[in-house]
Novice: 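Handing you this structure, nothing more for now.
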Amino acid sequence: LTCMALATLASCSYNELKETAPEKTIGFRTPAITKGSELNNSNLKEFYVTALMQDGKPYFENVKFMDVVDYFTSNPSYYWPSEDTHLAFYAYAPALDIQADVTQDKISLNDFTQSNNISDHKDLIIAQAKVYDVETAAESGVSIDFSHKTAQFAFYAFNSNTEYTYTVKGLRLGNLLSKGTLDLDSGTWELEEETTVYTGYRSQELTLTSSYQSIMDDGDNAMVLPQTLNEFWDPENPNDGGAYFGILINITTKDGAQVYPGGDKGTFDWIAAPLQFTGNGESITINEGMRYNIYLDFSMGAGWVAPDV
């Protein structure tokens with residue numbers, strides 16, 4: 001099994017302008033479009049906003065702003081305060097099980113985690129804007145730029161060896177840091193040492209061909225926290241930890257004889273390899289806002305038996 005990776009930056013620029021401010025209501029419009037990411041202006045239908053006054057006290061917290069014909073508004077509406085009041089807006093999407101937490105020192109998303117099911121992973125974006133001229137902002141609008149705070153992994157595979165048939169139906173990412181607190185003001189993560197194993201399954205089995213195909217269904221890419229990988233899985237010590245990826249696979253000869261796993265024909269089991277896609281044996285930094293496309297070549301083999309989960 002050989003592996004190569006291509007990383008691309010998920011650009012994200014939302015210039016949110018409000019043409020008019022009827023009765024000085026607070027609302028947002030998003031005419032810009034993102035690329036290379038899960039959330040963009042075609043599928044971003046709502047986001048949440050917390051507004052803080054100059055003394056750090058909330059003006060409102062975790063209010064949903066919904067898309068109504070390219071205009072994002074809340075229900076009920078919130079109105080601009082007096083003209084000498086300064087407001088700082090902090091927005092995030094999508095809707096999460098956690099909400100922005102405001103303390104005297106900071107505003108943050110605490111204990112953020114992704115589901116262990118890859119199909120349920122969410123692309124997390126945040127934005128902020130500080131308004132000092134309420135009158136102008138109420139008339140001409142607020143401009144905010146969203147940035148992506150997770151990294152995306154997409155796996156593709158092919159097989160040019162006609163002597164064997166490889167059929168896959170799942171993906172696993174193991175021993176990655178999985179919980180963190182995101183400071184919405186600085187945009188920085190503070191990660192905990194807790195690790196997890198993410199697992200996802202295809203809706204239908206996929207037989208590999210001589211062309212690259214996505215291991216997961218469209219839109220089911222993994223979204224992980226930005227982190228530096230220093231320890232990688234060792235096939236000789238499979239249960240000692242270290243970052244890895246796994247593929248749920250069935251291998252047969254071209255004539256249909258079962259090769260892997262042993263046992264009944266048509267059964268599947270996990271194979272694995274270190275998540276060391278640079279190939280130089282050094283640590284790997286997974287950056288927020290990046291999409292990592294991992295290309296797997298099964299023509300010469302299929303990795304090692306996966307660790308216990």
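Both backbone and side-chain heavy atoms feed into the values below; hydrogens, waters and symmetry mates do not.
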Novice: With salt bridge (charged side-chain N to carboxylate O under 4.0 Å, His left out) as the criterion, how do Lys130 and Asp185 come out once you've worked through the C-alpha distance, each side chain's angles and the decisive distance to 0.1 Å?
Specialist: CA-CA 10 Å; Lys130 296 181 179 180; Asp185 198 24; 3.7 Å; yes

Novice: Side chains of Asp240 and Asp234: closer than 4.5 Å at any heavy-atom pair?
Specialist: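 Heavy-atom side-chain distance check fails, nothing below 4.5 Å.
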
Novice: How about Asp55: does its CG atom have over 12 heavy atoms from other parts shown lying under 6.0 Å from it?
Specialist: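 Above 12, so yes.
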
Novice: What about Phe245 and Phe155, are their ring centers closer than 6.0 Å?
Specialist: yes

Novice: Write down the atom of His86, the atom of Tyr132, and the distance for their closest heavy-atom approach.
Specialist: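 That would be ND1-CD2, 3.3 Å.
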
Novice: By the rule that ILVMFWY residues connect when side-chain heavy atoms come within less than 4.5 angstrom, directly or transitively, which residues belong alongside Phe268?
Specialist: Tyr201, Leu248, Trp270

Novice: Grouping I, L, V, M, F, W and Y whenever their side-chain heavy atoms are under 4.5 Å apart, do Met66 and Tyr78 come out in a common cluster?
Specialist: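 No: no chain of side-chain contacts under 4.5 Å links Met66 to Tyr78.
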
Novice: Got a sec, which residues hit salt bridge (Lys or Arg N to Asp or Glu O under 4.0 Å) with Glu193, two or more places apart in sequence or on another chain?
Specialist: none

Novice: Taking side chain to side chain contact (heavy atoms under 4.5 Å, CB included) as the definition, give me every residue that meets it alongside Lys265, ordered by chain and number, with sequence neighbours left out.
Specialist: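 Only Gln258 meet the side chain to side chain contact (heavy atoms under 4.5 Å, CB included) criterion with Lys265.
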
Novice: Grouping I, L, V, M, F, W and Y whenever their side-chain heavy atoms are under 4.5 Å apart, do Leu229 and Ile118 come out in a common cluster?
Specialist: yes

Novice: Are the side chain of Asn159 and the backbone N or O of Tyr164 linked by a donor-acceptor pair below 3.5 Å?
Specialist: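 Yes, Asn159 side chain to Tyr164 backbone: donor-acceptor pair under 3.5 Å.
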
Novice: Is a side-chain donor-acceptor pair under 3.5 Å present for Asn221 with His121?
Specialist: no

Novice: Does one side chain, of Ser186 or Thr188, offer a donor that lies under 3.5 Å from an acceptor on the other?
Specialist: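 Note: Ser186 and Thr188 side chains meet the donor-acceptor criterion.
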
Novice: Identify every side-chain donor-acceptor pair in residues 169-180 under 3.5 Å, counting partners at least two apart or on other chains, and give the distances.
Specialist:
residue	atom	partner	partner atom	Å
Arg172	NE	Thr199	OG1	3.1
Asn175	ND2	Gly242	O	2.7
Ser178	OG	Glu194	O	3.3

Novice: For Lys106, check salt bridge (Lys or Arg N to Asp or Glu O under 4.0 Å) against everything at least two apart and list the hits.
Specialist: none

Novice: Is there a path from Ile286 to Met290 through hydrophobic residues (I, L, V, M, F, W, Y) whose side chains come within less than 4.5 Å of each other?
Specialist: yes

Novice: Using side-chain contact (heavy atoms from CB on, under 4.5 Å), reason through Val102 and Glu61 one step at a time and then give a plain yes or no.
Specialist: CA-CA 9 Å; Val102 180; Glu61 294 183 79; 3.7 Å; yes

Novice: Answer yes or no: does atom OH of Tyr156 have more than 12 heavy-atom neighbours from other residues, nucleotides or ligands under 6.0 Å?
Specialist: yes

Novice: Kindly indicate, with the supporting measurements, whether the criterion side-chain contact (heavy atoms from CB on, under 4.5 Å) is fulfilled by Tyr166 and Leu296.
Specialist: CA-CA 12 Å; Tyr166 295 85; Leu296 307 175; over 6 Å; no

Novice: Which heavy atom in Ser283 sits nearest to a heavy atom in Thr228, and how many Å separate them?
Specialist: CB-CG2, 4.1 Å

Novice: Hey, are Ser108 and Asn110 close enough side-chain-wise for a donor-acceptor pair under 3.5 Å?
Specialist: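 Asn110 vs Ser108: donor-acceptor pair found between side chains.
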
Novice: So how far is it from Leu275 CG to Phe232 CZ, rounded to the nearest 0.5 Å?
Specialist: 7.0 Å

Novice: Relative to the ring of Tyr292, is the ring of Phe153 parallel (under 30°), tilted (30 to 60°) or perpendicular (over 60°)?
Specialist: parallel

Novice: Might you point out which heavy atoms bring Val49 and Ala91 nearest each other, and give the distance in Å?
Specialist: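 What the structure gives for the nearest pair is CG2-CB, 3.9 Å.
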
Novice: Do Ser119 and Met216 have side chains that get closer than 4.5 Å, going by heavy atoms?
Specialist: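 A side-chain contact under 4.5 Å exists here.
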
Novice: In sequence, state the C-alpha distance, the side-chain angles, and the governing distance for Glu190 and Asp183, and then conclude on side-chain contact (heavy atoms from CB on, under 4.5 Å).
Specialist: CA-CA 8 Å; Glu190 182 179 346; Asp183 188 317; over 6 Å; no

Novice: Out of Leu109, Ile125, Leu124, which residue meets the side chain to side chain contact (heavy atoms under 4.5 Å, CB included) rule with Lys149?
Specialist: Leu124

Novice: Check Pro274 against Trp233 and note the closest heavy-atom contact, atom names and distance.
Specialist: CG-O, 3.3 Å

Novice: Can you see which heavy atom on Arg202 is nearest to which on Leu206, and at what distance?
Specialist: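 That would be NE-CB, 3.4 Å.
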
Novice: How far apart are the C-alpha atoms of Phe146 and Phe47, what are their side-chain angles, what is the distance that settles it, and do they pass the ring-ring contact (aromatic ring centres under 6.0 Å, His included) test?
Specialist: CA-CA 11 Å; Phe146 280 100; Phe47 54 82; 5.5 Å; yes

Novice: Is there a side-chain contact between Trp304 and Pro238 (heavy atoms, below 4.5 Å)?
Specialist: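 The answer is no, as the side chains (C-beta and beyond) never meet within the 4.5 Å cut-off.
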
Novice: Is the shortest heavy-atom distance from the side chain of Ile284 to the side chain of Gln276 under 4.5 Å?
Specialist: yes

Novice: Quick one: list whatever passes salt bridge (Lys or Arg N to Asp or Glu O under 4.0 Å) with Glu46, sequence neighbours left out.
Specialist: Lys64

Novice: Looking just at side-chain N and O atoms, do Asp297 and Ser299 make a donor-acceptor pair shorter than 3.5 Å?
Specialist: yes

Novice: Would you say the ring centroid of Tyr295 lies under 6.0 angstrom from that of Tyr212?
Specialist: yes

Novice: More than 12 foreign heavy atoms under 6.0 Å from CD of Glu231: is that the case here?
Specialist: no

Novice: Start with the C-alpha distance between Val224 and Tyr198, add both sets of side-chain angles, then the distance that settles side-chain contact (heavy atoms from CB on, under 4.5 Å), and finish with yes or no.
Specialist: CA-CA 9 Å; Val224 306; Tyr198 299 120; 4.1 Å; yes

Novice: Can you find a pair of side-chain heavy atoms, one from Ser160 and one from Phe158, that are under 4.5 Å apart?
Specialist: yes

Novice: With a 6.0 Å cut-off (strictly less than), is the heavy-atom count around CG of Asp264, excluding the residue itself, greater than 12?
Specialist: no

Novice: How many angstroms lie between atom CD1 of Ile271 and atom CD1 of Ile251, to the nearest 0.5 angstrom?
Specialist: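 That separation rounds to 7.0 Å.
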
Novice: Looking only at heavy atoms, what is the nearest atom pair of Pro226 and Asn287, with distance?
Specialist: CB-C, 4.2 Å

Novice: Step through it carefully: locate the ring centre of Trp80, locate the ring centre of Phe89, and say whether they are under 6.0 Å apart.
Specialist: yes

Novice: Does the ring center of Phe112 lie less than 6.0 Å from the ring center of Trp189?
Specialist: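 When the ring centroids of Phe112 and Trp189 are compared, they turn out to be within the sub-6.0 Å range.
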
Novice: Applying side chain to side chain donor-acceptor pair (under 3.5 Å) to Asn116 and Thr196, what does each step give before you reach the verdict?
Specialist: CA-CA 8 Å; Asn116 287 339; Thr196 197; 3.0 Å; yes

